[in-house]
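Written below as structure tokens is the structure these notes are about.
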Amino acid sequence: MSFQLPNLSYDHSALEPHIDSKTMQIHHGKHHAGYTNKLNAAINGTDLASKSIEEILKSLDMNNTAVRNNGGGYYNHCLFWEIIGPNCGGNPTGDLARSIDKNFGSFEEFKSIFSSAAGTRFGSGWAWLCADSDGSLEVCSTANQDNPLMPGECGKTPILGLDVWEHAYYLNYQNRRPDYVNAFFNIINWDAVTAKYKEATS
Ligand code: MN3
């Protein structure tokens, strides 16, 4: 079995002005496609080829750089496209909103902690909101294409992730990563995040 680049459920231009069309074309069609192809090449003919991406990442040999970088890149971007969308943003509701209040104090406090994690990740990486099976939440960040499922990371289930590689924002924002992080909150698909939260805690 090989991994497939998922189609986007919205047009490249649908996230403007927050993420520009050209960035979406290159990010999905070149970067994510590249991780997908290189992951398939790295696992072809090995016993990893029959596993799910989550299984591969949870039992990853961190010295296997081809699978670490490209398996992480494949999974991270699949999640990213799912949790953003047009006509989104606003605040979460229901159990997820209650857990955010309980774990961080308020939605505004969560936003500040998450934005700080995204802003202070040096170089390339990701900021995450992760859920534990008991419903608790935590914010973390990882370098490069690492993610919370990998050995040595928080081990909880990522339900929201923000790509802070320059390839995710440089055409529109140049060095202004904080502006990109602020804009991200206008395109978060909280229904999709809530579905992931339910799955992680069921
Ligand atoms: Mn990326």
Side-chain angles (χ1 to χ4, degrees), residues 2-43 53-54 56-57 60 62 64-86 88-89 114-130 139-150 153-154 157-189 192-193 196:
S2 61
F3 293 100
Q4 305 291 324
L5 179 69
N7 291 320
L8 299 176
S9 64
Y10 38 82
D11 293 337
H12 290 130
S13 61
L15 305 179
E16 291 190 349
H18 309 295
I19 300 181
D20 63 285
S21 183
K22 184 84 175 171
T23 294
M24 288 298 295
Q25 283 177 38
I26 298 170
H27 200 178
H28 178 257
K30 302 294 183 188
H31 291 279
H32 196 187
Y35 297 125
T36 307
N37 293 338
K38 287 175 188 167
L39 170 62
N40 286 329
I43 64 173
I53 189 62
E54 289 85 358
I56 290 173
L57 297 177
L60 183 66
M62 296 297 272
N64 186 340
T65 51
V67 175
R68 180 179 180 177
N69 292 337
N70 297 297
Y74 174 76
Y75 174 92
N76 295 348
H77 289 85
C78 288
L79 183 144
F80 188 52
W81 310 134
E82 282 179 36
I83 58 85
I84 56 178
C88 288
F114 186 90
S115 298
S116 175
T120 58
R121 167 51 60 187
F122 181 76
S124 298
W126 290 73
W128 304 100
L129 175 64
C130 298
V139 167
C140 66
S141 79
T142 54
N144 303 313
Q145 295 295 355
D146 289 354
N147 71 41
L149 299 177
M150 291 180 182
E153 299 295 348
C154 81
T157 305
I159 62 171
L160 174 74
L162 174 57
D163 187 345
V164 296
W165 283 56
E166 285 186 344
H167 70 221
Y169 64 87
Y170 207 84
L171 292 180
N172 198 21
Y173 295 95
Q174 292 83 49
N175 61 322
R176 303 187 310 278
R177 188 192 287 185
D179 291 352
Y180 162 71
V181 174
N182 271 332
F184 171 67
F185 281 89
N186 295 315
I187 55 170
I188 296 175
N189 181 340
V193 180
K196 290 189 177 295

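We count ligands from 1, going down the list as the structure has it; atoms in each ligand are counted the same way.
Residue Gln145 is tested with Asn69, Asn76, Asn70 for a side-chain hydrogen bond (donor to acceptor under 3.5 Å, both in side chains); the sole match is Asn76.
Ring pair His167/Tyr35 is tilted by interplanar angle, where 30° to 60° counts as tilted.
For Trp81 and His27, the gap between ring centers is short of 6.0 Å.
If you look at the Mn ion (ligand 1), the protein N, O or S atoms less than 2.8 Å from it are His27 NE2, His77 NE2, Asp163 OD2, His167 NE2.
The backbone N or O of Cys88 lies less than 3.5 Å from no partner atom in the side chain of Asn189, so there is not a single donor-acceptor pair. Trp126 places no side-chain N or O within donor-acceptor distance of the main-chain N or O of Asp146, the cut-off being under 3.5 Å.
A donor and an acceptor atom, one from each side chain of His12 and His28, are nowhere located under 3.5 Å apart.
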